[in-house]
Trainee: 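Dropping the structure in here first, questions after.
By convention in this document, chain letters (A, B, ...) are assigned in the order of the sequence lines, proteins followed by strands, and residues within each chain are numbered from 1. Keep in mind that the numbers below use all heavy atoms, side chains included, and drop hydrogens, waters and symmetry copies.
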Amino acid sequence: MDYLLHLIVISCVYVTLAVSLDMLAGHTGILSVCHAAFFALGAYTSTLLAVRLGFAFPLALLAGMLSAAMFSVAVSLPSVRLRDDFFVIATFAFQLIFSSLLNNWTVLTRGPLGIPGIPTPRILGWTVASRGDWVFLAALMATVAFTAARLLTGGPFGRVLRAIREDESFARALGKETNRFKATVFAVSGAIAAAAGSLYGHYVGYIDPTSFSLGESILIVSMVIIGGAGSLWGPALGAVGLVALPELLRLIGFPAVLAANLRQVLYGLLLVIAMVLRPQGLFGKYGFER
Amino acid sequence: MAQFVANTVIAASILAIVALGFGLIYRVVHFFNFAHGALYTLGAYATLVLHHTVGMPFLLSAMSGVLLVAGVGWAMDLAIYRPIRRRSANTFTPMIASLGVLVVVTNQVALAWGDETRALRTGPVVEGIEMLGARVTGSQVVTVVICVCLYGLATWLMLCTKAGEVARAVACQPDLAAVVGIQSQRAISFVFLVGSALAAIAGVLVGLDTDLTPAMGWQALLMAVVAVVVGGAGDLRGVALGAILVAAIRNASVMVLPAQWQDAIVFGLLILFLLSRPQGILGGRSVRLKT
């Protein structure tokens with residue numbers, strides 16, 4: 001039962017990540033393979049502030065979101081000049097540089113040793129200690145993220161994003177400052193991913209670079225694409241599905257040692273099958289085909 | 001200094017072969033084929049199996065491994081990219097599919113042969129020989145010679161043969177090529193065969209010199225992407241130039257900074273190029289970068 005609650009918390013973290021990436025990939029048509037870097041920035045900023053300077057959780061969370069928002073605006077800059085697939089390559093580079101920083105800037109991040117002893121959060125006198133508390137907090141975050149994404153992509157702002165996705169020159173011809181819209185959606189998406197990172201760090205109590213690698217970024221991309229880019233519900237369900245998958249594999253008797261590789265084989269296969277047969281994913285409307 | 005030049009030449013020649021195959025495929029089908037890294041890994045492991053498990057002589061197992069992988073690359077195009085291409089011409093979906101292929105192959109190799117490093121060479125590690133003031137091993141000299149020959153051979157294939165001419169026609173003007181009766185699928189199959197063989201050969205050569213790991217394809221692929229973007233994707237000479245530049249920067253950075261920063265510096269170079277000169281050093285204005 002305790003383990004089930006743990007899985008629910010982790011699912012909520014990934015739902016938040018997938019929904020935030022869907023705003024970029026699904027609605028704006030900008031595929032980014034450095035979402036784990038935003039996730040990491042949220043986790044590292046807030047936990048370092050909490051561990052070294054004793055910041056309270058809400059303040060540390062906000063600081064993490066703010067730093068990720070600024071970083072993601074920087075990441076969005078090359079998109080002004082680059083065609084989509086070249087931009088994907090740029091995000092690969094950002095992710096790998098960030099991973100390298102996490103691993104090698106040992107003075108700040110302690111490198112592969114990771115940061116242990118992250119304190120239990122306390123919010124206005126409420127100590128988030130039991131699993132039940134965590135499920136509540138994580139579900140709250142996922143709901144807020146989902147609602148925010150829904151409101152933002154549902155209104156006129158979202159219409160401009162989809163116009164950029166379908167035909168950026170045309171959107172610009174209509175007088176929309178597309179670069180500013182792209183920077184904004186990047187900032188929001190990065191901040192939401194950072195919130196997930198901050199919660200994840202405080203929940204697990206220990207973070208190290210392996211949780212924020214390139215593989216993690218590809219996993220988040222897979223959740224969005226397999227679930228269905230551009231539909232918000234699809235990526236959310238994709239996130240829950242891909243978190244549950246290794247657990248199902250374990251239930252039918254696969255050894256845990258192989259489960260990590262097997263999970264990646266499965267989502268890689270799903271990615272290939274989706275692209276060949278149904279690029280819009282399970283529940284999506286947008287198939288990255290212009 | 002001599003050692004720096006030697007190391008750069010060795011690294012650049014292997015990288016150039018990987019990047020050449022990647023660049024050839026990119027030129028004709030216009031998407032980043034991440035599965036190129038998978039073929040590189042498969043080339044090394046196929047040779048390992050044929051040589052160590054089946055017990056074929058090394059040269060024979062390397063050759064059959066390369067042929068096998070070329071076939072895999074050709075089949076991959078027919079089974080995965082061709083259906084996507086027929087549905088719609090875009091650069092995104094085949095790229096994501098190829099990323100999926102790389103993830104599958106990397107992990108499947110890890111499942112089949114374990115995560116630990118494997119060695120392709122049998123005998124003891126031989127001490128390097130002194131050559132113009134640098135210490136190099138025999139296999140490294142062979143590697144450089146093979147790579148230079150292959151680069152020449154591939155350039156000749158693309159520039160001086162009928163098949164290469166057809167492939168270039170499809171690369172530049174797919175519609176016009178179709179109008180004059182060229183079957184584009186044949187040209188695409190041709191570059192996938194050649195490109196995949198190049199990836200596999202590079203994998204075998206690296207396997208001989210150092211070790212095999214399931215993730216080796218990732219490293220090779222990412223460096224090849226940097227070499228192709230930096231050098232200029234539209235030009236065969238650009239790929240070689242990019243490979244030399246990347247190898248030189250990797251080796252030079254070790255002298256100044258600890259080795260673990262190598263990759264970060266190379267990717268920093270990539271971002272610098274993407275921001276300031278996305279068409280690469282030799283890429284002309286004609287390279288289409290914006291939609």
Trainee: Looking at A:Glu177 and A:Arg172, does any basic side-chain N land under 4.0 Å from a carboxylate oxygen?
Mentor: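 No, A:Glu177 and A:Arg172 are not salt-bridged.
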
Trainee: Side chain, backbone, both or neither: which part of A:Phe94 has a non-hydrogen atom closer than 4.5 Å to chain B?
Mentor: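 For A:Phe94, heavy atoms of backbone and side chain both lie under 4.5 Å from chain B.
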
Trainee: What residue in B:Tyr81, B:Phe267, B:Trp218, B:Phe31 has the most heavy-atom pairs under 4.5 Å with chain A?
Mentor: B:Phe267

Trainee: Can any side-chain N or O of A:Thr45 pair as donor or acceptor with the backbone N or O of A:Gly42 at less than 3.5 Å?
Mentor: no

Trainee: Go through the steps for B:Arg250 and B:Asp263 under the test salt bridge (Lys or Arg N to Asp or Glu O under 4.0 Å), then give the verdict.
Mentor: CA-CA 8 Å; B:Arg250 278 181 74 86; B:Asp263 287 344; 2.7 Å; yes

Trainee: Measuring heavy-atom distances to chain A, does B:Leu222 have an atom under 4.5 Å in its side chain, in its backbone, in both, or in neither?
Mentor: side chain

Trainee: So for B:Val225, is it side chain, backbone, both, or neither that comes closer than 4.5 Å to the heavy atoms of chain A?
Mentor: side chain

Trainee: Check for a donor-acceptor pair, side chain of A:Ser72 on one end and backbone N or O of A:Ala68 on the other, with a separation under 3.5 Å.
Mentor: yes

Trainee: Given 3.5 Å as the limit, does a donor-acceptor pair link the side chain of A:Thr28 with the main chain of A:Ile30, or not?
Mentor: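 Side chain of A:Thr28 to backbone of A:Ile30, a donor-acceptor pair under 3.5 Å: no, none is there.
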
Trainee: Identify which part of B:Arg82 has an atom lying under 4.5 Å from any heavy atom of chain A, answering side chain, backbone, both or neither.
Mentor: neither

Trainee: Testing A:Lys182, A:Arg162, A:Lys176 one by one against A:Glu168 for a salt bridge (Lys or Arg N to Asp or Glu O under 4.0 Å), which residue passes?
Mentor: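 Of the listed residues A:Lys182, A:Arg162, A:Lys176, the salt bridge (Lys or Arg N to Asp or Glu O under 4.0 Å) partner of A:Glu168 is A:Lys182.
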
Trainee: Is there a side chain to side chain donor-acceptor pair (under 3.5 Å) between B:Ser189 and B:Gln185 once you walk through the steps?
Mentor: CA-CA 6 Å; B:Ser189 289; B:Gln185 182 53 48; 3.2 Å; yes

Trainee: What is the distance from atom CZ of A:Phe38 to atom CZ of A:Phe98, rounded to the nearest 0.5 Å?
Mentor: 9.0 Å

Trainee: State which residue, out of A:Ser213, A:Ser217, A:Ser32, fulfils the side-chain hydrogen bond (donor to acceptor under 3.5 Å, both in side chains) condition with A:Gln95.
Mentor: A:Ser217

Trainee: Is there side-chain contact between A:Pro112 and A:Asn103, with heavy atoms separated by less than 4.5 Å?
Mentor: yes

Trainee: Does the B:His36 side chain pair with the main chain of B:Val18, one donor and one acceptor, at a distance under 3.5 Å?
Mentor: yes

Trainee: Can you tell me how the ring of B:Phe22 sits relative to the ring of B:Phe32, calling it parallel under 30°, perpendicular over 60° and tilted otherwise?
Mentor: parallel

Trainee: For chain B, find its close neighbours in residues 225-247 of chain A: heavy-atom separation under 4.5 Å, sorted by number, or none.
Mentor: A:Ile225

Trainee: Among residues 268-283 of chain A, which residues come closer than 4.5 Å to chain B, judged by heavy atom distances?
Mentor: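 Hits under 4.5 Å: A:Gly268, A:Leu269, A:Leu271, A:Val272, A:Met275, A:Val276, A:Leu277, A:Pro279.
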
Trainee: Tell me, side chain or backbone of B:Leu275 under 4.5 Å from chain A's heavy atoms, or both, or neither?
Mentor: both

Trainee: If you round to the nearest 0.5 Å, how far is OG1 of B:Thr8 from CD1 of B:Ile249?
Mentor: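 Between atom CD1 of B:Ile249 and atom OG1 of B:Thr8 there are 10.5 Å.
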
Trainee: Measure distances from A:Val88 to the heavy atoms of chain B and classify the residue's part below 4.5 Å as side chain, backbone, both or neither.
Mentor: side chain

Trainee: Tell me, side chain or backbone of A:Leu214 under 4.5 Å from chain B's heavy atoms, or both, or neither?
Mentor: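 Only the side chain of A:Leu214 comes within 4.5 Å of chain B.
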
